[in-house]
Peer 1: 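Here it is, the structure, as structure tokens.
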Amino acid sequence: MRDLRKDRVVAAFSRAAATYDAAAVVQRRNAEQLAALVRERVADPASLAPFLEIGAGTGLLTDRLLDMGLARGTVTDVAPAMVDTLRERFGGRSGLTVRELDGERFTVGERFGAIVSASTFQWFSSLLDPLRNMRRHLNDGGLLAFCLFVDGTFRELRQAANAVGCPYPGHRLFEANEVARAMLDAGFTVDHFASFDTPVRYPDALRFLRSVRHIGSTNALPVPAAPGELRRIIRRYDGDHRCADGVTATYTTLLVLGHKRSAPRPMNNHNQGG
Ligand SMILES: C[S@@+](CC[C@H](N)C(=O)[O-])C[C@H]1O[C@@H](n2cnc3c(N)ncnc32)[C@H](O)[C@@H]1O
């Protein structure tokens, strides 16, 4: 269980609803990669209906699902202003329901052919219980496809914070192997599992952190970084990670696709002898 303040996460994403699309360069690419993976693995994406999308934000992935003919389902987000944006964009479409929903814990009186989510699960406090709950909401053999930012993301920021002796001003991201373990323990197959880095250039560290704020991915820690500490980290970042056209920030995305197994995998019994 990670020490995340969900109220801060929701408030930051709600504040970012109007600035998200312009700043979400890596998230847009993630959504494209996830959609391409589904298209590659599923001969007839329309057969996945009805789908449930978790953490839809402004609808970057939703657009791609519609493009591939997956047009019947429920599109959700936990942040009210994001849900308003989704309603404006997709509310008039027959076959699509837009609603507020916390992907970590929800009960919907319906089962889905697919659950999809782009760049969202890194905001969950834990993975196993949410994945088990998603499994309960899937038809037998149903598809779970998602991508999330994992450990390795913002390694330059972590290095700069370490170098000036300040705590890392972000939350701990899941490691890729934690995600694989949770998938298997929750009762899914893992049919695709691959990570990739996206290095992005920003004019300087301050502009990088501003862009993170425009996406809504600001500090979710119970105790946010003090302004003095942040200034020291920014100075060090600008010094250590400068290149000809600015500074680099690396994002690490994990792309996962699996299916609901008919019976959940038995848990390891660590108390067994021999
Ligand atoms: C980085 S955005 C990704 C949005 C969209 N999927 C995309 O690809 O652009 C993360 C989204 O997850 C939402 N979110 C965060 N925690 C969530 C939760 N527990 N349940 C549902 N949505 C959540 C945020 O409100 C935000 O809209």
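Note that this is a predicted model, so its numbers are computed, not measured. We count ligands from 1, going down the list as the structure has it; atoms in each ligand are counted the same way. The figures that follow rest on heavy atoms only: side chains count, while hydrogens, waters and symmetry mates do not.
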Peer 1: Which residue owns the protein heavy atom closest to atom 19 (N) of ligand 1, what's the atom, and how far is it?
Peer 2: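 For this ligand atom, the closest protein heavy atom is Asp102 OD1, 2.8 Å.
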Peer 1: Roughly how far, to the nearest 0.5 Å, is the OG1 atom of Thr252 from the CD atom of Gln122?
Peer 2: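 The distance works out to 11.5 Å.
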Peer 1: Kindly determine whether Val42 and Leu48 satisfy side chain to side chain contact (heavy atoms under 4.5 Å, CB included), including the steps that lead there.
Peer 2: CA-CA 9 Å; Val42 183; Leu48 296 172; 4.1 Å; yes
Peer 1: Heavy-atom distances under 4.0 Å are what count here, so tell me which part of Leu101 touches ligand 1: side chain, backbone, both or neither.
Peer 2: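 Backbone only.
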Peer 1: Going by the closest heavy atom to atom 5 (C) of ligand 1, which one wins out of Ala81, Ala56, Ser217?
Peer 2: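 Looking at heavy atoms only, the winner is Ala56.
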Peer 1: Counting only heavy atoms, tell me which of Val10, Thr62, Asp77 gets closest to atom 27 (O) of ligand 1.
Peer 2: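 Nearest option to atom 27 (O) of ligand 1, by heavy atoms: Asp77.
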Peer 1: Please tell me whether Gln33 and Thr253 have a donor and an acceptor in their side chains that are separated by less than 3.5 angstrom.
Peer 2: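 The answer is no; no qualifying pair exists.
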Peer 1: Tell me: protein heavy atom nearest atom 20 (N) of ligand 1, and distance?
Peer 2: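 It is Gly103 N, 2.8 Å.
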Peer 1: Can you establish whether the number of heavy atoms outside Arg111 located under 6.0 Å from its atom CZ is more than 12?
Peer 2: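 Yes, CZ of Arg111 has more than 12 neighbouring heavy atoms, counting only those of other groups under 6.0 Å.
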Peer 1: Under 3.5 Å between some N or O of ligand 1 and some N or O of Thr120?
Peer 2: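 Right, the criterion is met.
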Peer 1: Please list the nearest protein heavy atom to atom 23 (C) of ligand 1 with its residue and the distance rounded to 0.1 Å.
Peer 2: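 It is Val78 CG1, 3.3 Å.
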Peer 1: Just which atoms of ligand 1 are under 4.0 Å from any heavy atom in Ala118?
Peer 2: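 Near Ala118, the atoms of ligand 1 are 3 (C), 5 (C), 6 (N), 8 (O).
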Peer 1: Provide, to 0.1 Å, the distance between atom 9 (O) of ligand 1 and the closest protein heavy atom, together with that atom's residue and name.
Peer 2: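 Closest protein heavy atom to atom 9 (O) of ligand 1: Tyr20 OH, 2.6 Å.
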Peer 1: Give the atom numbers and elements of ligand 1 that come within less than 4.0 Å of a heavy atom of Leu60.
Peer 2: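 By the 4.0 Å cutoff, the relevant atoms are 9 (O).
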Peer 1: Inspect the contact between Asp129 and Arg132 and indicate whether a charged nitrogen and a carboxylate oxygen are less than 4.0 angstrom apart.
Peer 2: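 A salt bridge links Arg132 with Asp129.
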Peer 1: Looking only at side chains, do His192 and Glu40 share a donor and an acceptor under 3.5 Å apart?
Peer 2: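 Their side chains do not contain a donor-acceptor pair, so the 3.5 Å distance test is not met.
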Peer 1: Provide the number and element of each atom of ligand 1 under 4.0 Å from a heavy atom of Met82.
Peer 2: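 Result: 27 (O).
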Peer 1: Can you spot which of Asp77, Asp21, Asp63 makes a side chain to side chain donor-acceptor pair (under 3.5 Å) with Thr58?
Peer 2: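 Option passing the side chain to side chain donor-acceptor pair (under 3.5 Å) with Thr58: Asp21.
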Peer 1: More than 12 heavy atoms of other residues, nucleotides or ligands under 6.0 Å from CZ of Arg242: is that the case?
Peer 2: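 Yes, because the 6.0 Å sphere around CZ of Arg242 holds more than 12 heavy atoms from other groups.
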Peer 1: If the cut-off is 4.0 Å to any non-hydrogen atom of Phe124, which atoms of ligand 1 fall inside it?
Peer 2: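 Matching atoms, with element in brackets: 18 (C), 19 (N).
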Peer 1: For ligand 1, is there an atom lying under 4.0 Å from some heavy atom of Arg28?
Peer 2: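 So Arg28 does not count as touching ligand 1.
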Peer 1: Nearest heavy atom to atom 6 (N) of ligand 1: which of Gly57, Gly55, Ala23 does it belong to?
Peer 2: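 Looking at heavy atoms only, Gly55 sits closest to atom 6 (N) of ligand 1.
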Peer 1: Among Tyr202, Phe149, Phe208, which residue satisfies the ring-ring contact (aromatic ring centres under 6.0 Å, His included) criterion with Phe154?
Peer 2: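 With Phe154 as partner, ring-ring contact (aromatic ring centres under 6.0 Å, His included) holds for just one option, Phe208.
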Peer 1: I'd like to know if Ser119 contacts ligand 1, where contact means a heavy-atom distance under 4.0 Å to any ligand atom.
Peer 2: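 Contact present.
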Peer 1: Check ligand 1 against Lys6 and write out every atom of the ligand that is under 4.0 Å from a heavy-atom position of the residue.
Peer 2: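 Under 4.0 Å from Lys6, ligand 1 has these atoms: 19 (N).
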Peer 1: Enumerate the atoms of ligand 1 whose separation from the nearest heavy atom of Trp123 is less than 4.0 angstrom.
Peer 2: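 Answer, ordered by atom number: 15 (C), 16 (N).
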Peer 1: Find the distance between CG (Leu70) and CD (Glu53) and round it off to the nearest 0.5 Å.
Peer 2: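 Going from the CG atom of Leu70 to the CD atom of Glu53 covers 9.5 Å.
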Peer 1: Salt-bridged, Asp238 to Arg235, with N to O below 4.0 Å?
Peer 2: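 Salt bridge absent between Asp238 and Arg235.
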